[in-house]
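Report on one structure; see the data block that follows.
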Amino acid sequence: MIAELKESSLIGKELIVKQGEPTLVPPAEETQKGLYFLSNLDQNIAVPVQTIYCFKSDERGNEEAATAVKDALSKVLVHYYPLAGRLAISAEGKLIVDCTGEGAVLVEAEADCDMEDVGDITKPDPPTLGKLVYNIPGAKNILEIPPLVVQVTKFRCGSFVLGLAMNHCMFDGLGAMEFVNSWGETARGLQLSVPPVLDRTVLRARDPPVPRFPHHEFAEIEDLSDTAAIFNEELLYRSFLFDPEKLDGLKRKSAMKCTSFEALSGLVWRARTDALRLHGEQRTKLLFAVDGRAKFEPPLPKGYFGNGIVLTHALCAAGELLERPLSYAVGLVQDAVRLVTDEYMRSAVDFFEATRARPSLTATLLLTTWSRLAFNDADFGWGEPVQSGPVTLPEKEVVLFLSHGKEKRSINVLLGLPTSAMVRFQEIIEEI
């Protein structure tokens with residue numbers, strides 16, 4: 001369905017969205033109060049992630065949309081009560097949730113056009129799409145932003161957009177998807193198909209911590225290429241579609257047995273390194289998240305509410321990455337995937353406990369994969385969203401892989417680069 005959406009008719013115009021006053025939506029029943037533990041896997045990704053869901057129903061219209069979303073939110077927060085709290089810093093200096101029960105923030109808004117005018121949201125337009133998500137005025141850091149902020153925007157045509165800003169420290173992609181789907185089930189009067197498991201202490205660090213790996217994903221890289229100056233240029237956002245035929249061709253070009261993710265990751269890492277014209281001796285790092293839920297021993301329980309992902313990495317000199325064939329980069333990606341075992345993940349938890357290290361992003365590409373997440377399953381009573389996706393990318397180093405189309409076999413690669421680098425990146429991708 002996404003492939004059939006038209007281009008935005010707002011080109012050259014500005015989307016006008018009138019926002020109402022924010023209100024608090026507390027849980028519908030009394031919930032547990034006090035401090036809620038966040039694991040070390042939650043600590044390093046504490047950034048708000050903004051997504052939008054576009055709903056259209058010729059039968060129902062949008063008059064009841066905000067009320068339905070708000071009532072269901074109040075009920076689902078009984079199960080997900082930490083989302084009604086506020087982020088704080090613990091006595092140990094780590095992020096924690098103070099379960100105050102004060103509630104998520106919700107804003108009702110109206111747009112001056114039809115939803116179709118916004119066009120295909122897989123073509124990035126952060127200034128426009130950003131108006132569909134509420135930003136807390138004057139917030140100076142994440143402690144001043146509630147973990148969950150909601151905006152319901154009604155359009156003239158009877159459609160509406162649900163805009164969410166959810167802090168990544170509260171859940172990874174799978175957990176966020178399960179929450180939104182549970183919220184939709186509640187709106188439709190159904191029982192939760194995947195009730196959340198709130199206990200995160202299963203990922204508590206060992207005492208004393210015993211990191212057994214060097215964890216170069218946290219390593220600081222010397223910036224020989226002055227990447228800070230490169231990124232002074234205004235960022236241009238684009239998406240690149242890889243359909244099944246193109247993905248199969250890419251795997252053949254890799255000249256080795258590999259997955260679509262491994263081949264695409266190797267290609268994007270090389271292309272971005274080339275486009276940024278990094279110095280040949282510049283060490284460059286690829287970071288990406290691996291879902292560790294099934295890799296832990298024992299596996300994390302179904303419905304685990306928290307981050308079950310761990311960062312893995314590959315390191316290489318830019319010159320070597322570009323001089324050697326694509327198969328070399330793909331091989332490095334495969335090695336990074338194989339690195340992730342139960343012991344590696346527990347070592348990562350302990351490494352943070354011992355060092356409080358943050359992943360360095362100098363000369364780094366951080367890949368995030370949403371291509372296996374069923375965000376289109378969310379249904380609040382208006383059917384599945386006609387489209388859904390991110391508003392923008394949280395950091396300039398981030399590249400996002402998104403599923404495309406109903407069959408979900410195509411992948412959209414979304415990234416932001418300085419304008420001159422984007423021209424070069426596009427040339428490389430079009431040669432594939």
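Between the side chain of Q43 and the backbone N or O of L95, at least one donor-acceptor pair lies under 3.5 Å. Counting only distance, with no hydrogens or angles, the side chain of T312 and the backbone of V340 share no donor-acceptor pair below 3.5 Å. S74 places a side-chain N or O within 3.5 Å of a backbone atom of A28 that can act as its donor or acceptor partner. R86 places a side-chain N or O within 3.5 Å of a backbone atom of G103 that can act as its donor or acceptor partner. At least one donor-acceptor pair closer than 3.5 Å links the side chain of E262 to the backbone N or O of T259.
At a threshold of 4.0 Å, the pair K295-D342 does not count as salt-bridged, since none of the basic side-chain nitrogens sits closer than that to a carboxylate oxygen. Under the 4.0 Å criterion applied to side-chain N and carboxylate O atoms, E343 and R346 are not assigned as salt-bridge partners. Using a cutoff of 4.0 Å between basic side-chain nitrogens and carboxylate oxygens, R60 and E63 are not scored as salt-bridged. A salt bridge is absent between R156 and D112: the closest approach of a Lys/Arg side-chain nitrogen to an acidic carboxylate oxygen does not fall below 4.0 angstrom.
Aromatic pair F240/F425: ring centres closer than 6.0 Å. Here the two rings, on F380 and W183, have centers that are under 6.0 Å apart.
Ring pair F218/H215 is perpendicular by interplanar angle, where above 60° counts as perpendicular and below 30° as parallel. Ring geometry, W382 versus F160: the interplanar angle exceeds 60°, so the pair is classed perpendicular (tilted spans 30 to 60°).
Using a 3.5 Å distance cut-off with no hydrogens or angles, the side chains of Q151 and T153 do pair a donor with an acceptor.
Taking each heavy atom of P146 and V105 in turn, the nearest pair found is CG-CG2, 3.6 Å. The minimum heavy-atom distance between Q19 and A109, with the atom names listed, is CA-CB, 4.0 Å. Listed here is the closest heavy atom pair of Y36 and C99: CB-SG, 3.6 Å. Nearest heavy atom pair, residue C113 against residue F155, reads O-CD2, 3.3 Å.
Here R204 contributes atom CZ and S39 contributes atom OG; the two are 10.0 Å apart, rounded to the nearest 0.5 Å. Distance check, rounded to the nearest 0.5 Å: CZ of F288 to CZ of F261 gives 4.5 Å.
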